[in-house]
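When a residue number appears, it is its place in the shown sequence, counting from 1.
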Amino acid sequence: MNPADAWAWKRIHYLEHHLDHKPLTSVLIKPAGPDCNLSCHYCFYLQKSEFFPGASHRMTEPVLREMVRKVMHQGENQINFGWQGGEPTLMGRHFFEIAVHYQKRCARQGQEASNALQTNGLLIDENWAAFLREHQFLVGLSFDGPPHIHDRYRTFAGVRPSWERVAAARDTLLRADVAVNSLIVVNDYSVRHAREIYEFHKENGLTYMQFIPCIEPDVMHTDTPAPFSAPADAYGDFLIELFDLWRGDFRNGRPTTFVRWFDSLFFTYVGYPAPECTLLPECGSYVVIEHDGSVYSCDFYVDEAHRLGTIQQDEIGELLNNSTQKQFGLNKSILPETCRICPWLEHCYGGCPRERIFSADGLNVFCAAWKKFFAYADPWFRELAERWRKNNNSV
């Protein structure tokens, strides 16, 4: 079967699959909307303040209660609540104590809720850490690396550095034995420092890392990337260097550090859906719930065109499966010919659609970077996948 025919077959499979009812397994919640106590230069969500009227954005307890009730009622036996922002800890610890209380109160027999919190760490103290540990929150700490890298763009208003506060939060969370991932934005500066960032986090106890390539539109020319965005050619070299570091830390055939994109990529080599949505054939596997109860297709698409409904008036499971969300998901698989015949398609699926807006031909802005990386890393991933199949008696 040639690549074009293979893509046509996969496209039919995706369409058939999408006719089925998607299960509600996770929701992404913005309890404080776009509000934040940092003013990071590259933040894509701060601008959402213009979309929501008012100076402050906070989820009320009635909205929280209704959201938790509906998610637990319609969700699967394992349901994940992801809390992001802006900065979700601006809600205060009591808000999350209420959320956990309602989760337990609304859970049916055999149902379990898990929680993930993405935070800049500024408000994390010992009491916060104890709460997060007690209720087994997975914490994603936004921490770009050593001071000269982190403070390049992650600053308070007025360009005051934030590194010291975030490093203190990291240490507080680790002392309390909270499960912590480091969330690292790869920008035009940090893209040159793969080894330094990787070694910094590893040596300081953050062995679970998620690297997020920065790509934002320029303020004056929205069809071109902002100056702080990661250049595609340099990002390819970054991935290769990071891959060698990660692979070099394997012991007895197993990783001792965990890089989310590499871990997710491995799933595609053994025939399983990737945990990371950017590596899936389609979008739309979850919904975003804003502070006022409005529901959207994705946090990159919080706009009127992708507003699905509200917590107050609609059922979340129905919004996840309505025609707007289905079409949103299918749009990802509408790819140019270059993608459809690409040998790496089954490993990237064109990436996040948001990263395609900068090219006239519809290719992802990081396409060249991925091709460079796949050409380098593919033999090793294939070998690792083969060993995995043998160890798991898989064909």
Side-chain angles (χ1 to χ4, degrees), residues 13-31 33 52 59-85 88 95-96 98-118 135 137-138 272-333 349 352-353:
H13 174 71
Y14 301 155
L15 289 168
E16 289 176 343
H17 174 73
H18 233 79
L19 293 176
D20 296 332
H21 187 84
K22 284 182 291 185
L24 179 62
T25 58
S26 65
V27 289
L28 181 60
I29 307 149
K30 307 275 191 174
F52 298 104
M59 181 174 284
T60 64
E61 186 172 337
V63 173
L64 172 64
R65 183 171 60 245
E66 185 69 353
M67 178 197 67
V68 172
R69 185 185 70 80
K70 287 188 172 180
V71 171
M72 297 302 291
H73 177 69
Q74 299 163 45
E76 297 295 292
N77 283 341
Q78 298 288 331
I79 183 77
N80 179 259
F81 291 76
W83 307 91
Q84 291 189 12
F95 173 87
F96 290 94
I98 294 172
V100 170
H101 168 75
Y102 282 133
Q103 288 170 356
K104 293 177 179 178
R105 180 176 173 180
C106 296
R108 58 182 179 269
Q109 187 174 4
Q111 187 181 37
E112 293 184 3
S114 60
N115 291 278
L117 176 75
Q118 182 173 329
H135 297 287
F137 274 61
L138 172 63
Y272 286 96
E276 188 166 330
C277 64
T278 62
L279 300 180
L280 291 173
E282 296 174 356
C283 297
S285 59
Y286 69 94
V287 294
V288 172
I289 303 169
E290 256 289 348
H291 67 286
D292 60 357
S294 52
V295 181
Y296 299 87
S297 295
C298 169
D299 62 332
F300 285 123
Y301 292 89
V302 173
D303 53 43
E304 198 56 43
H306 296 89
R307 188 175 186 272
L308 304 174
T310 69
I311 284 295
Q312 295 89 333
Q313 297 178 349
D314 302 292
E315 301 297 323
I316 300 183
E318 292 178 5
L319 296 180
L320 179 65
N321 288 277
N322 72 13
S323 58
T324 300
Q325 186 69 348
K326 284 189 176 182
Q327 188 58 55
F328 171 74
L330 289 172
N331 286 344
K332 181 180 181 179
S333 61
Y349 292 109
C352 179

Evaluate the side-chain proximity of Phe300 to His306: yes if any heavy-atom separation is below 4.5 Å, no if none is.
no

Could you tell me whether the side chain of Trp83 reaches within less than 4.5 Å of the side chain of Asn115, counting heavy atoms only?
yes

Any Asn322 side-chain heavy atom under 4.5 Å of Lys326 side chain
no

For the pair Phe137 and His135, name the ring-plane relationship: parallel under 30°, tilted 30 to 60°, perpendicular over 60°.
perpendicular

How about Gln103 and Phe81: do any of their side-chain heavy atoms sit closer than 4.5 Å?
yes

Taking the ring of Tyr296 and the ring of Tyr301, is the distance between their centroids below 6.0 Å?
no

Would you say the side-chain atoms of Arg108 pair up with the backbone N or O of Met72, donor to acceptor, closer than 3.5 Å?
yes

Quick one, Ile316 and Val287 - any side-chain contact, counting heavy atoms below 4.5 Å?
yes

Which distance, rounded to the nearest 0.5 Å, do you find between the NZ of Lys104 and the CD of Glu112?
11.0 Å

Classify the side-chain pair Ser297/Gln325 by whether it contains a donor and acceptor separated by less than 3.5 Å.
yes

Identify the two heavy atoms, one from Cys106 and one from Arg69, that lie closest to each other, and give their separation to 0.1 Å.
SG-CA, 3.9 Å

Check Phe328 against Gly284 and note the closest heavy-atom contact, atom names and distance.
CE2-N, 3.9 Å

Do Glu61 and Ile98 touch side chain to side chain, with heavy atoms closer than 4.5 Å?
yes

Any donor-acceptor pair under 3.5 Å linking the side-chain atoms of Glu66 with those of Tyr102?
no

Got a second to check how far Lys70's NZ is from Ile289's CD1, nearest 0.5 Å?
10.0 Å

Determine, step by step, whether Ser333 and Tyr349 satisfy the side-chain contact (heavy atoms from CB on, under 4.5 Å) criterion, reporting the C-alpha distance in whole Å, the side-chain angles of both residues, the deciding distance to 0.1 Å, and the verdict.
CA-CA 7 Å; Ser333 61; Tyr349 292 109; over 6 Å; no

Would a 4.5 Å heavy-atom cut-off, applied to side chains only, mark Arg307 and Val295 as touching?
no

Quick one: SG on Cys283 to CD on Gln327, what's the gap to the nearest 0.5 Å?
11.5 Å

Between Gln312 (side chain only) and Asp292 (backbone N and O only), is there a donor and an acceptor less than 3.5 Å apart?
yes

Polar side-chain atom of Lys22 near backbone of Leu320 as donor-acceptor pair, under 3.5 Å
yes

Report yes or no: do Glu282 and Asn331 form a side-chain donor-acceptor pair below 3.5 Å?
no

Pairwise side-chain contact, Gln111 with Glu76, heavy-atom cut-off 4.5 Å (strictly under)
no

Straight-line distance of Thr310 OG1 to Glu290 CD, nearest 0.5 Å:
13.0 Å

Rounded to the nearest 0.5 Å, what separates atom CG in Leu308 from atom CD in Glu318?
12.0 Å

Walk me through it: do Lys30 and Val302 pass the test side-chain contact (heavy atoms from CB on, under 4.5 Å)?
CA-CA 11 Å; Lys30 307 275 191 174; Val302 173; 5.7 Å; no

Would you say the rings of His291 and Phe52 are close, in the sense that their centroids are separated by under 6.0 Å?
yes

Taking all atoms of both residues into account, what is the closest heavy-atom pair of Phe96 and Pro88, and its distance?
CE1-O, 3.5 Å

Establish, from distance only, whether the side-chain atoms of Gln74 and Glu315 form a donor-acceptor pair under 3.5 Å.
yes

If every non-hydrogen atom of Ala274 is compared with every non-hydrogen atom of Leu279, which pair is closest and at what distance?
CB-CB, 3.7 Å

Passes side-chain contact (heavy atoms from CB on, under 4.5 Å), Phe95 versus Leu64? Steps please.
CA-CA 9 Å; Phe95 173 87; Leu64 172 64; 3.6 Å; yes

Taking every heavy atom of Ser114 against every heavy atom of Asn80, the minimum-distance pair comes out as OG-ND2, 2.9 Å

Nearest 0.5 Å please: distance from the OG atom of Ser294 over to the CD atom of Glu304.
9.0 Å

